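Here the structure comes first, spelled out in structure tokens, and everything after it is commentary.
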Amino acid sequence: MTQNSPPLVLPPGLARAMATLQDKDRQRLDDTVTRLHTVNGRLWDTEDRVRSAFLSAAQVADCKREIDQLNAERNALAERADEVLGSLADAGRADVPLHTETLASVVDRMSVLTLRIWHSERAATRDELARRRVPALHGQREELYAALDALVNDVVAGRRRLPVPARFKLYGREDIAPTEIKPSRHLRQVLAFGGLSECGKSTSAQFVQRTCGAQRLKIGFLLRQAAHREGLADPYALSARRQAELLLGELNRFADAHVDTKLFTIESVHDDASIAELKQLRGDTLQIVYLDTPFAVRVERSGTPAQAVAAKDEIKMSRGAHQVAALADHVIDNTGSIAALRARLRRIAAPPSTTALRVATPYGLGLPAAVASATADFTDAVRAYGPGVRLVTLTGSPGEGTWIAGWSDLDLMVIAEHEVIGGIQEALEQYRTALGGAASLGPTLVTPGELTARRLTPRLAFVLHQLQQGSPVLHAASDLELPTISRDELAFAAVRELPQVMLTMRRLRTAEGATALRQLYKHLVLACRLLLREHNQWESGPDRILAAASRMPGLTALAVPPLAEVANAWRDGDTELVLKPVTAAVDQLLTWYALQLAA
């Protein structure tokens, strides 16, 4: 309904009949009748507006187009209402009297009469003729109520038949006749940013675009595109429902043209009515994000005079921008740090999910007895901190089954709340003492907030992906939520990490002795693993990784001894024989890499 318009009250007989419908049908009918009454209110207002002597020719044309669109929507809604109301009719005999109109047609007349009474009562304060009409209009409504109830009783009892409800109305071009628009299957998720002036909408949308690969769109641009497509000069003159349908239509077109895009953002939401309608069309796949920022903070951040910000606010609030907060799925208090804002945005744009992880004991990872025992003791010690410790796992070679005593590190990852990390550090010292010289410990301590905000290094992202692929963990909370890491994300992470690995290999190339062998070999394997990810190849285990990398275009086979041979030579201090082929392979890869980038 238009602002301050009267509600549509149905007569008691029809209301009782509707109460017998199934819940789904009753809800559908309630929604359809409410929308029908709203459209009639919009029609009344638009017809009043088009009569104004102050409208330009373009504005008059827009009003005429809106009237056509609203009439088409009115008929479509009446047909939709009759689809449900028709189920009230008893089949009866074919020779019972046929009524002249459908039940929805009577409801539609009742809606118009309700609006006429309301407008007449308002005009009666200044118009004597309107005042004299009001009692007669009330009488007409009472008669219509009684007639509709009598018709409902006859229809339900099978004493009267209803005509076919299809109206077959045509308004303008067939291709713009309003239909019940549905979201494209390619339109997976939409974030709509709202808020008052200088609250951070554009900054937030830019961040989501840059970090999540979202397609960023402006609502004004979408409406202008739709208006151009359908021959409208001013789409903002249309009803909220029509604006929402036009927005969805344009979003569908973008999604169908960019099928690999999983996330779209739209800004800025300044009209609470149209975004509410779009939310009804999209459901939870549209998430409304409202940035709540006090006026003084917005003025300070914008660097513009307070009067300028206030003037912008006034325009936005006249359209209902401040009321979007009541509709929002997420209201963000944007008075804190940029880190807090970005963490919240990442959780909204890419929410974490509960992951079923495979839990194993240290004794099932192929570790020596002393190492497995020390690892089990550490796991028990940190598990005693309760829900503050979310996950404990050994990453890398233990999970892949390639751990070698005296060669491999113990790469440990613990996810824990910041408050308990001090205690975990004490447990780590005991762990190192228990290991003695059996293994070198490399711990990574990370908080759940860092993970869900996706503040991830490339290596950490890879570990999370491996866990989701079935790598074992030593302990996991039952309600642990982790960000889902796709292979595409890992491929992009490889692009970012590879330059640092190559620089490190060149530095290590100048070192000498046994230490150089171990570090050179590990970085050679890591570089090859990252290069393979860029080629969408996902090998595990050093020997398989080096063999697969040898088949990359333009790279001669890397003649590197097997891992077991390299590890034995390093442990025995006899590195000279294996250092030479490993160094040659590093030089070979660095030369190939330089040629690839110079091409």
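The figures here come from the full heavy-atom set of this structure, side chains too, leaving out hydrogens, waters and symmetry mates. Computed from a prediction, not measured in an experiment: that's the story for all the values here.
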*Return yes if some donor-acceptor pair links the side-chain N/O of Asn252 with the main-chain N/O of Lys182 below 3.5 Å, else return no.*
yes
*asked:* What I want to find out is whether Glu73 reaches Arg42 closely enough, with some N-O distance under 4.0 Å, to be called a salt bridge.
replied: no
*Classify the side-chain pair Thr285/Arg282 by whether it contains a donor and acceptor separated by less than 3.5 Å.*
yes
_Taking CZ in Phe295 as the centre, count heavy atoms belonging to other residues, nucleotides or ligands within less than 6.0 Å. Is the count above 12?_
yes
_Do Leu480 and Thr354 make a side-chain contact, defined as non-hydrogen atoms from C-beta onward lying under 4.5 Å apart?_
no
_Expected output: side-chain His37 to main-chain Val33 donor-acceptor under 3.5 Å_ = no
*asked:* Between Glu277 and Arg242 (salt bridge meaning N to carboxylate O under 4.0 Å), is one present in this structure?
replied: no
*Taking Ser52 for the side chain and Arg49 for the main chain, is one N or O donor matched with an acceptor at less than 3.5 Å?*
no
_I need the full list of side-chain hydrogen bond (donor to acceptor under 3.5 Å, both in side chains) pairs touching residues 211-223, with sequence neighbours left out, sorted by first then second residue._
Arg216-Glu267, Lys218-Glu267
*Take atom CG of Asp479 as the centre, draw a 6.0 Å sphere, and report whether it contains more than 12 heavy atoms from other residues, nucleotides or ligands.*
yes
*So, the side chain of Arg161 versus the backbone of Val96: is there a donor-acceptor pair under 3.5 Å, distance only?*
yes
*Those residues that, when tested against Glu47, pass salt bridge (charged side-chain N to carboxylate O under 4.0 Å, His left out) (two or more places apart)*: none
Which side-chain N or O atoms in residues 6-25 pair as donor and acceptor under 3.5 Å with protein atoms at least two apart or in another chain?
residue : atom : partner : partner atom : Å
Thr20   : OG1  : Ala17   : O            : 2.5
Asp23   : OD1  : Arg26   : NH1          : 3.4
Asp23   : OD1  : Arg26   : NH2          : 2.6

_Looking at every heavy atom in both Leu291 and Ser204, which two are closest together, and how far apart are they?_
CD1-OG, 3.6 Å
*Mind listing the closest non-hydrogen atom pair of Val299 and Thr304 along with its distance?*
CG1-O, 3.6 Å
*Any salt bridge (Lys or Arg N to Asp or Glu O under 4.0 Å) involving residues 311-321? Give me the pairs, sequence neighbours left out, ordered by first then second residue.*
Glu198-Lys312, Arg298-Asp313
*Has the side chain of Arg358 got a donor or acceptor atom that lies under 3.5 Å from a matching backbone atom of Gly470?*
yes
*Is there a side-chain contact between Arg253 and Gln225, using heavy atoms and a 4.5 Å cut-off?*
no
*State whether the side chain of Asp272 and the backbone N or O of Leu327 hold a donor-acceptor pair below 3.5 Å, judged by distance alone.*
no
*asked:* Side chains of Phe221 and Glu250, heavy atoms from C-beta outward: is any pair under 4.5 Å?
replied: no
_Any non-hydrogen side-chain atom of Ile117 less than 4.5 Å from a side-chain atom of His138?_
yes
*Distance-only polar pair, side chains of Gln280 and Arg241, donor-acceptor under 3.5 Å*: yes
*Side-chain donor or acceptor of Thr46 paired with backbone N/O of Cys63 under 3.5 Å*: no
*asked:* Let's go through Arg28 and Glu83 carefully: what are the C-alpha distance in whole Å and the side-chain angles of both, what is the deciding distance for salt bridge (charged side-chain N to carboxylate O under 4.0 Å, His left out) to 0.1 Å, and is it a yes or a no?
replied: CA-CA 10 Å; Arg28 180 187 178 199; Glu83 290 174 6; 2.8 Å; yes
*With the side chain counted from C-beta on, respond yes when Ile275 and Leu247 share a heavy-atom pair under 4.5 Å apart, and no when they do not.*
no
*Side chains of Thr447 and Glu450: do they bring a donor and an acceptor to under 3.5 Å?*
yes
*Phe264 side chain reached by Val208 side chain, heavy atoms, under 4.5 Å*: no
*Test item: side-chain donor near acceptor, Thr102 and Ser105, under 3.5 Å*: yes
_For the student: nearest non-hydrogen atoms of Pro183 and Leu281, plus distance_ = CG-O, 3.7 Å
*For Lys64, all residues meeting salt bridge (charged side-chain N to carboxylate O under 4.0 Å, His left out), sequence neighbours excluded*: none
_Under the side-chain contact (heavy atoms from CB on, under 4.5 Å) test, residues paired with Ala339 that sit two or more places apart_ = Ser337, Arg455
*May I have all residue pairs that pass salt bridge (Lys or Arg N to Asp or Glu O under 4.0 Å) and include part of residues 322-349, sequence neighbours excluded?*
Lys279-Asp329
*Should Ile266 and Leu278 be marked as a side chain to side chain contact (heavy atoms under 4.5 Å, CB included) after you check the CA-CA gap, both sets of side-chain angles, and the distance that decides it?*
CA-CA 12 Å; Ile266 56 175; Leu278 187 60; 4.1 Å; yes
*Using modelled atom types only, decide if a donor and an acceptor are shared between the side chain of Glu66 and the backbone of Pro235 within a distance under 3.5 Å.*
no
*Could you list the residues that satisfy salt bridge (charged side-chain N to carboxylate O under 4.0 Å, His left out) with Asp108, not counting sequence neighbours?*
Arg74
_Minimum heavy-atom distance Ser302-Val309, with the two atoms named_ = OG-CG2, 3.8 Å
_Set of residues satisfying side-chain contact (heavy atoms from CB on, under 4.5 Å) with respect to Gln140, sequence neighbours excluded_ = Leu113, Leu137
*State, to 0.1 Å, how close Ala214 and Thr265 come at their nearest heavy-atom pair, and which atoms those are.*
CB-CG2, 3.9 Å
*Using modelled atom types only, decide if a donor and an acceptor are shared between the side chain of Glu79 and the backbone of Ala76 within a distance under 3.5 Å.*
no
_Listed once per pair and sorted, the salt bridge (Lys or Arg N to Asp or Glu O under 4.0 Å) pairs that draw on residues 199-210, sequence neighbours left out_ = none
*For Asp30, which residues count as a salt bridge (charged side-chain N to carboxylate O under 4.0 Å, His left out) partner, sequence neighbours excluded?*
none
*Is there a donor-acceptor contact under 3.5 Å from the side chain of Asp82 to the main chain of Ala104?*
yes
*asked:* Ignoring hydrogens, what is the shortest heavy-atom contact between Arg454 and Ile485? Give both atom names and the distance.
replied: NH1-CD1, 3.8 Å
*Could you name each residue pair satisfying salt bridge (Lys or Arg N to Asp or Glu O under 4.0 Å) that touches residues 132-152, not counting sequence neighbours?*
Glu128-Arg132
*Do the side chains of Gln287 and Val190 get nearer than 4.5 Å, heavy atoms only?*
no
_Check the orientation of Trp538 and His465. Use parallel for under 30°, tilted for 30 to 60°, and perpendicular for over 60°._
tilted
